[in-house]
Amino acid sequence: MPMDMSSKTTLQKLAVLADAAKYDASCASSGTVKRDSVGTKGIGSTEGMGICHSYAPDGRCISLLKILLTNFCVYDCRFCINRASSNVERARFSPQEVVTLTLDFYKRNYIEGLFLSSGIIRSEDYTMEQLVEVARILREEHRFQGYIHLKTIAGADPALVALAGLYADRLSTNVELPTEAGLESFAPEKKPATIRKTMASVRVGAEDALEAAKSRLIGKAKPPRFAPAGQSTQMIVGADAARDDDILATADNLYSGYHLRRVYYSAYSPIPDASSALPPVRPPLMREHRLYQADWLLRFYGFARSEIMEGASGGMLDLAIDPKLAWALMKRDIFPVDINRAPRELLLRVPGLGTRAVDRIVAVRRTGALRLGDLAKLTASVKKILPFIVTPDWRPGKLTDSADLRARFAPPAEQLALAL
Amino acid sequence: MKEVVLERPGDFAEWRGVARALLAGGVAPEDVSWRGAEEGASLFGDEAPAASAGAVTLPRELLAMADRVICHRGAEVPARLYRLVWRAARERQLLARTTDADVDWLRKTDKMIRRDIHKMHAFVRFRRLGEGEGRERFAAWFEPDHRILRLTAPFFQRRFYGMDWAIVTPDARAIWQDEVLTLGPGGTRGEVPDSDVVEDQWRTYYGAIFNPARVKIDAMRAEMPKKYWHNLPEAQEIAPLLAGAGARVERMREAAVSAANPRTEKWRTRVADDLLLDDELTSLDAVARAVGGCTRCPLHCNATQAVAGEGPVAARIMVVGEQPGDQEDLQGRPFVGPAGQVLNEAMGEAGLDRRRMFLTNAVKHFKFEPRGKRRLHQNPTSGEIDMCRWWLDKERALVQPELIVTLGASALRGVTGKSASIKSMRGQVHELAGGTKLVATIHPSFLLRLPDRDRAAEERAAFVADLAWARSLAA
């Protein structure tokens, strides 16, 4: 590697390698097993629900120390600030430096743990080995019980992925671009099939560990857990020509094939020293937001992708209104639904009712019929749900079918521009 | 009117003792007036409530919430909580009635306290004091909205067991030293150091992780309200970061795209291209590698990997299935899923050794429909089967089996190029061009789908018989 390892202080390296990591949206530290440091000389705990220890002025939570081991990279992905042909400043941490930083931050209660990724140096296997080494030192030498998220390097030996799963809470492999064609033109060295193979090895690793846990003999030591917080991925939105429909189709495939916990959608945001092939535009934050809403509909509201797309046009979600409302406006014959009688699945389809509100309604209506005043205590906004529901003291009448219903919800044009 | 004075505000045990006595004495909420100690008077005013006559049982959930809600600074809290326990002792399922005004207040106040606790877990910042006898020592100053230190200390204990620490708040302090937790009186900011060497790194990190292209101040302030900022070392970065954000983005936009880094080519020395020419496909390994890069039909877009055939090149029997399933797709090997297991057992009973046969599929990529966390198998179209025959033919040409067993209709089409029903083909030996024999039978996944047990046993026996017969034909 053409560099002088000692030419930068840890502080200087941190500035470079945190800056280089900020384009990865994931900062989650939830969903892992409960652990703590009670009775040990070490530190660290995970409590199921992750904690956001700070927030940056970009509104994103800071839960983990999110850094790259190095931003040197042999790949030349055009959307990436660290691509080989970029003139960005380069740095490389030693595994020990990352360990020290993680522990120093953790002891001061700045973070829940570490999210470590890396540019590809020498080879996929070498890079993966370095990431695993950091996790190993933290877990074995320092008995660190905090959260660890490791990036799995697509194409790395499955044996290394299996090892990473023993130390990490979460593993992730980014698909980056939602379509095969997009990846081919923007990330020539990344092969979608290699990415999927790596995700498959994470799922197989988790299933093998589960199998081993089931079949262990009584009295034998408990086999270690494999990445208990599962695996996730990220797709960049707005860098290529992929439509929302393509993006959600890819997400759908990944959820079903590799049991991902989360797909992150990251609005492409201009990077310093950008490649000329990229749009020099503001990040499409509203589009990103709508994709997350659609993703939630897929996973928690019983929507099929084809249903979500009924409220879209030309394969793109409506930016002015949320995808559930867009769907409901196309399906007015289903509404209004009776809050006191409708089954849970139907309540979930009411725009403005979230899963928690629906659960509360289902629980409370057993003790007596719900009226409009009661709903105000159970949901954030009664006004939004009015056109779609019936209670003993409310009927929407012609409101449900009124032609200007969409206009009631869609913000005026200038306001939307501000939101972007 | 009974007058009650609480001496230790926020202390659940004290409130609970008083409430229990009042409840046992049958004192109605409207007959009690609650006061804080600073307002004078002794614990129970003039007359102590009657000694507890019998234990009153209350929902566990209510007590858990009261334990938290009593930390709220509101003067009305002890009285409102007492009214709730009074009512809960008389009205069944009170807590389930979330639309009741008292219950609504309880839940909302509890939520407020839980948020206060959560924010304290998040925003306490330790500063290092030094090290003694192998244990590092830290201290923090924090100002929670309510009297929640006793509720948050266990979290810090679980998390920072291996170091000594103190958290000082205006109301109380928690000290964890040599694995003992002590709660004590409140203190002042001056007791805690005003800096820490690592804070420089933390502020640098905070600035570097911020993306100036997507400023969302409201989202930040909703989760990290300004009232916490004066105790967060990173918060002093917020104003300068925001002030400089616009200019940073503008510079990015204006900067002409620079020439590619001159070292690019030197770094990128690796050759990814392992494409092979058709006439180089002279071994099963080469075929397996080449099929991995196949893009002849769109099935490769969603599958994990192509699954090539497996077995010795000298095999006399070749077994052809339809396509890889979920497990085959993940593991990259044919017949390792549930249908593969049925096949293995049936072959065993028919006296066939899997290791001596060549197993493959008519279509090399998995075709499926995503459905939540599962992938539902979809039949390949005849077009997809025909497209993939190119690979099956390569495998056949290399293995040159004496006999081919096709499992199911897709396999039959894959081998013969024609669609025919299993029924019309089963039970006869067919001869393919070049003299290879063909025996057609069902696909083992068919057996997995039969709901009727007797029928399944019958079909399975016929399947085993087909395999045994194939074995005798290739002998």
Side-chain angles (χ1 to χ4, degrees), chain A residues 2 11 14-15 18-19 22 36-38 40-45 51-59 62 66 74 76 84-87 104-105 107-110 180 189 193 196-197 200 203-204 252-253 255-257 259 269-270 272-276 280 283 285 360 363-364 367 374 377-378, chain B residues 93 96-99 104 121-122 124-126 136 138 158-163 196 198 200-202 204-206 208-211 213-217 219-220 223-224 232 234 238 241-242 252-253 257-258 260-261 263-264 267-268 270 272 300-302 304-305 330-331 370-375:
Chain A
L11 194 67
L14 180 63
D19 191 274
K22 73 179 163 214
D36 56 45
S37 50
V38 172
T40 74
K41 301 274 177 235
I43 53 164
S45 67
I51 298 172
C52 297
H53 284 272
S54 194
Y55 287 82
D58 53 19
I62 301 176
K66 181 160 61 177
V74 295
D76 203 31
S85 60
S86 154
N87 288 290
D104 278 350
F105 279 17
K107 286 172 188 166
R108 286 154 183 83
N109 203 39
Y110 301 160
E180 198 106 347
E189 292 91 351
R196 289 196 291 267
K197 245 188 216 178
R203 183 181 149 192
V204 168
D252 217 6
N253 270 332
Y255 280 127
S256 67
H259 300 177
S269 87
D273 197 39
S275 156
S276 57
L285 296 183
R360 281 190 208 142
V364 181
T367 64
D374 301 323
K377 295 202 180 85
L378 300 174
Chain B
Q93 297 295 313
R97 293 216 299 279
T98 40
T99 47
D104 187 45
H121 290 165
V124 159
R125 297 285 181 263
F126 284 115
E136 280 185 287
F138 294 85
R158 286 192 298 277
R159 176 157 291 193
F160 300 109
Y161 200 91
M163 65 191 214
D196 184 296
V198 175
D200 262 356
Q201 290 179 343
W202 174 234
T204 299
Y205 176 71
Y206 185 81
I209 206 72
F210 161 61
N211 184 348
R214 36 183 306 159
V215 170
K216 275 185 171 179
I217 305 168
M220 167 184 66
E223 295 298 337
M224 192 168 81
L232 296 170
E234 68 271 27
I238 295 172
L241 284 173
L242 284 173
M252 270 192 268
R253 269 196 213 119
V257 174
S258 50
N261 180 339
R263 290 172 301 194
T264 306
W267 291 355
R268 302 173 61 202
R270 294 159 345 123
H300 76 279
C301 291
N302 295 325
T304 303
Q305 54 195 318
L330 294 173
Q331 297 181 35
R371 190 72 50 83
K373 281 194 152 196
R374 292 174 56 215
R375 298 189 289 183

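Each chain gets a letter, A, B and so on, in the order the sequences are listed, and its residues count up from 1.
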Checklist entry - Got a second to check how far A:R203's CZ is from B:Q331's CD, nearest 0.5 Å? => result 9.5 Å
Item to check | Selection from A:S37, A:A18, A:G257 maximising heavy-atom pairs under 4.5 Å formed with chain B | outcome: A:S37
Checklist entry - Most heavy-atom pairs under 4.5 angstrom with chain B, which of A:T367, A:D252, A:D104? => result A:D252
Checklist entry - Heavy-atom distance under 4.5 Å to chain B: side chain of A:A363, backbone, both or neither? => result neither
Next on the checklist: Please determine whether side chain to side chain contact (heavy atoms under 4.5 Å, CB included) holds for the pair A:K107 and B:F126, giving the CA-CA distance in whole Å, both sets of side-chain angles, and the decisive distance to 0.1 Å.
Outcome noted: CA-CA 7 Å; A:K107 286 172 188 166; B:F126 284 115; over 6 Å; no
Item to check | Non-hydrogen atoms of B:H121 and A:I51 that approach each other most closely | outcome: CB-CD1, 3.8 Å
Checklist entry - Highest number of heavy-atom pairs under 4.5 Å with chain B: which of A:N253, A:D374, A:D19? => result A:N253
Item to check | Side chain / backbone / both / neither for B:I209 at chain A, heavy atoms under 4.5 Å | outcome: both
Checklist outcome for this item: Whatever's closer than 4.5 Å to a heavy atom in chain A on B:F210 counts as both
Checklist entry - How many angstroms lie between OG1 in B:T204 and CG in A:L11, if you round to the nearest 0.5 Å? => result 4.0 Å
Next on the checklist: Does any backbone or side-chain atom of A:V38 lie under 4.5 Å from a heavy atom of chain B? Answer side chain, backbone, both or neither.
Outcome noted: both
Checklist entry - How far apart are the C-alpha atoms of B:R125 and A:S54, what are their side-chain angles, what is the distance that settles it, and do they pass the side chain to side chain contact (heavy atoms under 4.5 Å, CB included) test? => result CA-CA 11 Å; B:R125 297 285 181 263; A:S54 194; 4.0 Å; yes
Item to check | B:E223 versus chain A, the contacting section by heavy-atom distance below 4.5 Å | outcome: both
Checklist entry - What distance separates B:K373 NZ from A:S256 OG, expressed to the nearest 0.5 Å? => result 11.0 Å
Item to check | B:R214 (side chain) donor-acceptor with A:G59 (main chain) under 3.5 angstrom | outcome: no
Item to check | Residue B:N302 versus chain A: region with a heavy atom under 4.5 Å | outcome: both
Checklist outcome for this item: Of B:R375, B:R371, B:M224, the largest count of non-hydrogen pairs under 4.5 angstrom with chain A goes to B:R375
Checklist outcome for this item: When the 4.5 angstrom heavy-atom criterion is applied to B:R159 and chain A, the contacting part is both
Checklist entry - Short question: side chain of A:K22, backbone of B:N211 - any donor-acceptor pair under 3.5 Å? => result no
Checklist outcome for this item: Scored by heavy-atom pairs under 4.5 Å with chain A, the best of B:D104, B:I238, B:L242, B:L241 is B:D104
Checklist entry - Side chain, backbone, both or neither: which part of A:T40 has a non-hydrogen atom closer than 4.5 Å to chain B? => result backbone
Item to check | Closest non-hydrogen atom pair, A:V364 against B:A96 | outcome: CG2-O, 4.0 Å
Checklist entry - Taking A:N109, A:L378, A:D36, A:V204 one by one, which has the highest count of heavy-atom pairs under 4.5 Å against chain B? => result A:N109
Next on the checklist: Is it the case that the side chain of B:T304 and the backbone of A:A193 share a donor-acceptor pair, with hydrogens and angles ignored and the cut-off at 3.5 Å?
Outcome noted: no
Checklist outcome for this item: Counting heavy-atom pairs under 4.5 Å with chain B, the top scorer among A:A200, A:S45, A:G42 is A:S45
Checklist entry - If you round to the nearest 0.5 Å, how far is CD1 of A:I62 from CE of B:M220? => result 10.0 Å
Checklist outcome for this item: dist A:R108:CZ -> B:M163:CE (nearest 0.5 Å) comes out at 8.5 Å
Checklist entry - Can any side-chain N or O of B:Y206 pair as donor or acceptor with the backbone N or O of A:Y55 at less than 3.5 Å? => result yes
Item to check | Flag side-chain contact, heavy atom, 4.5 Å: A:Y110 against B:V198 | outcome: yes
Checklist outcome for this item: Under 4.5 Å to a heavy atom of chain A? For B:Q93 that would be neither
